[in-house]
Amino acid sequence: MALRVEHDIFVVRQRGREVAAAVGLEHQDQIRLATALSEVARDLLHTVGGADVTFAVDLDEQGPQRVRVDLAPVRPLPDGRYEPHSGAVARLVDMLSVVDREGDTVVRMSRRVPANAQALTPERLVELRTQLGSSAPGSALDELASQNEQLIAALDEVRSQRDELAVLNEELQETNHGVMALYNQLSEELEETNRGVVALYAELDEKSVQLRSASESKSRFLANVSHELRAPVTAVIGLSRLLADSASDPLTAEQAQQVGLIRSSATDLLALVNELLDLAKAESGRLEPNWAEVDLRAVFGQLRGTLRALSNRTDVELVVEEPPPPGMVRSDEVLLAQVLRNLLHNGLKFTERGEVRLRAELRDEWWRLSVADTGAGIAPELHERIFEEFYQVPGSTRIGGTGLGLPYARRVVRLLGGTLEMTSEPGRGSTFTVTLPVGRG
């Protein structure tokens with residue numbers, strides 16, 4: 001397709017949604033791809049006068065299939081680079097970058113095709129190309145009407161989620177009116193954000209500002225609610241300890257069991273609240289590393305001592321190898337130890353027999369800190385999903401957890417200038433690798 005005038009933006013957006021639907025993307029992913037495409041098309045039209053748009057599918061037998069859109073500018077990009085005016089555009093697709101295609105510089109975006117979609121064979125692609133080629137593009141008015149329908153559906157979903165959240169909070173707030181008042185206040189702020197979303201879809205030019213406002217409101221909601229929950233939960237834990245104290249009046253066996261359940265549940269809730277607070281800090285940008293020269297030998301020694309005391313499975317051995325000399329890295333000792341402790345604790349929790357091993361390697365001015373276990377392993381299609389907030393691998397919920405540890409760990413590692421990657425196969429265990437520069441990145 002050729003992108004040369006303002007009207008072409010609507011046509012490109014419409015075609016993007018049709019292509020996404022044809023290859024089997026879910027409804028929300030269709031809207032995300034079409035929205036990202038229209039934003040990039042507008043940027044290129046205003047910056048370099050337009051582009052040639054190509055839709056394709058990557059048939060990679062080694063990984064998931066992807067639908068790809070290449071926008072070849074009619075004039076060279078300034079400095080050969082492209083930065084979207086809206087910082088949220090990149091989050092709507094799996095990949096958005098400038099690449100070299102047969103000697104030409106193009107802006108490329110892609111989205112993964114769901115595993116449950118119909119297989120995209122070469123024959124299937126010929127059939128889809130014929131169907132799309134025979135359909136005529138709609139008018140700008142048609143596209144605006146379609147966007148309004150999407151907006152209404154999105155608002156209905158938001159309202160539905162808000163109503164469910166209100167019910168859950170009402171049950172919890174029966175024992176704490178102060179938290180209920182805070183929730184009502186935050187619900188009003190969230191309502192304002194939702195009304196802002198209406199204006200966002202009506203005024204496409206303000207998309208970046210409104211999306212950033214919604215993200216900040218979510219972070220404030222998590223931080224404020226989590227902070228207010230800590231006091232009553234801590235009080236519940238303290239009272240349960242007093243009830244079970246040997247100096248207090250003796251309890252019956254049934255009472256002691258119930259007090260133990262109360263204390264265990266409150267402890268789990270406090271862990272969830274603390275993880276929500278950490279995640280909110282990382283998302284809001286208020287987590288600032290305290291840069292210093294960190295001795296990995298001291299960090300490994302501390303982890304070896306604390307986690308061996310927590311390991312209660314005799315069939316699982318915790319092995320912490322000594323880092324090779326010089327063993328120094330410029331980082332934040334507290335945040336780094338927190339990430340490694342999280343990975344080791346996960347390994348001990350999900351490994352029934354064998355070992356959990358922490359080791360360090362120095363390669364070309366980069367430290368590779370790996371935590372390997374002999375647990376059940378994780379299927380390849382779930383390797384990225386486990387880094388999503390609140391997601392847990394099917395079957396692991398019986399062990400416990402919140403699904404927040406790994407997303408927070410990856411955010412912290414990126415803040416420290418490194419990466420957190422995972423390799424795993426079902427039945428062969430998992431290995432999480434933290435890669436950090438020797439000096440501050």
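The analysis underlying the following values was restricted to heavy atoms, covering all of them including side chains, and did not include hydrogens, waters or symmetry mates.
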Could you tell me which non-hydrogen atom of Pro437 sits nearest to which non-hydrogen atom of Gly417, and how far apart they are? CD-O, 3.5 Å

How long is the straight-line distance from CG of Leu92 back to CG of Leu37, given to the nearest 0.5 Å? 11.0 Å

Is the shortest side-chain heavy-atom distance between Val19 and Val69 below 4.5 Å? no

Taking the side chain as C-beta and beyond, is there a heavy-atom pair between Leu318 and Arg304 under 4.5 Å? no

Side chain to side chain donor-acceptor pair (under 3.5 Å) against Asp295, all qualifying residues, sequence neighbours excluded: Arg297

Check: Val57 and Val113 side chains under 4.5 Å, non-hydrogen atoms: no

Tell me, do Arg330 and Trp291 make a side-chain contact under 4.5 Å, heavy atoms counted? yes

Closest non-hydrogen atom pair, Trp366 against Thr435: CE3-CG2, 3.5 Å

Smallest heavy-atom separation, Pro426 atom then Ala379 atom, equals CG-CA, 3.9 Å

So Val434 and Leu343, do their side chains get closer than 4.5 Å, heavy atoms only? yes

Could I get the full list of side chain to side chain contact (heavy atoms under 4.5 Å, CB included) partners for Val99, not counting sequence neighbours? Ser97, Val106, Arg108

Go through the steps for Val339 and Leu416 under the test side chain to side chain contact (heavy atoms under 4.5 Å, CB included), then give the verdict. CA-CA 11 Å; Val339 169; Leu416 297 177; 5.5 Å; no

For a side chain to side chain contact (heavy atoms under 4.5 Å, CB included) check, start with the C-alpha distance between Leu336 and Leu436, then their side-chain angles and the critical distance, and finish with the verdict. CA-CA 10 Å; Leu336 178 58; Leu436 293 174; 3.7 Å; yes

Does Phe432 offer a backbone N or O that forms a donor-acceptor pair with the side chain of Ser370 under 3.5 Å? no

About how many Å separate CG of Asp332 and CD of Gln338, when rounded to the nearest 0.5 Å? 9.5 Å

Applying salt bridge (Lys or Arg N to Asp or Glu O under 4.0 Å) to Arg357 and not counting sequence neighbours gives Glu321, Glu355

Which pair of heavy atoms, one from Pro407 and one from Ile386, lies closest together, and at what distance? CD-O, 4.1 Å

Could you grab the distance from atom CG of Leu335 to atom CG of Asn290, nearest 0.5 Å is fine? 8.5 Å

Going by the rule side chain to side chain contact (heavy atoms under 4.5 Å, CB included), which residues pair with Ala20 if we only count those two or more places apart in sequence or in a different chain? Leu25, Gln30, Leu33

Taken to the nearest 0.5 Å, the spacing of Leu71 CG from Thr54 OG1 works out to 8.0 Å

My understanding is that only residues two or more places apart in sequence, or in another chain, count here; which of them pass salt bridge (Lys or Arg N to Asp or Glu O under 4.0 Å) with Arg101? Asp70

Mind jotting down which residue pairs meet the salt bridge (Lys or Arg N to Asp or Glu O under 4.0 Å) criterion with at least one end in residues 365-376? Sequence neighbours excluded, please. none

Taking side chain to side chain donor-acceptor pair (under 3.5 Å) as the test, write out the residues that go with Glu381, two or more places apart. none

Check whether Arg13 reaches the backbone of Ala41 with its side chain - one donor and one acceptor, N or O, closer than 3.5 Å. no

Test Tyr82 against Thr105 for side chain to side chain contact (heavy atoms under 4.5 Å, CB included), laying out the working first. CA-CA 10 Å; Tyr82 168 70; Thr105 300; over 6 Å; no

Keeping the roles fixed (side chain from Ser134, backbone from Gln131), state whether a donor-acceptor pair exists under 3.5 Å. yes

Does anything in residues 414-424 form a salt bridge (Lys or Arg N to Asp or Glu O under 4.0 Å)? List the pairs, not counting sequence neighbours. Arg410-Glu421

Mind checking what makes side chain to side chain donor-acceptor pair (under 3.5 Å) contact with Arg359, not counting sequence neighbours? none

Does Arg68 come within less than 4.0 Å of Asp58, counting only side-chain N to carboxylate O? yes

So, does Trp367 use its side chain to make a donor-acceptor pair with the main chain of Met328 at under 3.5 Å? yes

Heavy-atom side-chain contact between Val299 and Glu333 under 4.5 Å: yes

Can you sort out the partners of Asp29 under salt bridge (Lys or Arg N to Asp or Glu O under 4.0 Å), two or more places apart, ordered by chain and number? Arg32, Arg111

Between Val371 and Asn346, is there a side-chain heavy-atom distance shorter than 4.5 Å? no

Glu123: what forms a salt bridge (Lys or Arg N to Asp or Glu O under 4.0 Å) with it, not counting sequence neighbours? none

What are the two closest non-hydrogen atoms of Phe55 and Val12, and how far apart are they? CZ-O, 4.3 Å

Please give me the minimum heavy-atom distance between Pro76 and Val48, naming the atom from each residue. O-CG1, 3.7 Å

Point-to-point distance, once rounded to the nearest 0.5 Å, from CD of Glu127 to CG of Leu132: 10.5 Å

All side chain to side chain donor-acceptor pair (under 3.5 Å) counterparts of Thr374, not counting sequence neighbours: none

Derivation of the side chain to side chain contact (heavy atoms under 4.5 Å, CB included) call for His383 and Ile378: CA-CA 7 Å; His383 284 189; Ile378 301 173; 4.1 Å; yes

What's the separation between atom CD in Glu39 and atom CD1 in Ile9, rounded to the nearest 0.5 Å? 9.0 Å

Look only at the side chain of Asp43 and the backbone of Pro84, and say whether a donor-acceptor pair between them is shorter than 3.5 Å. no

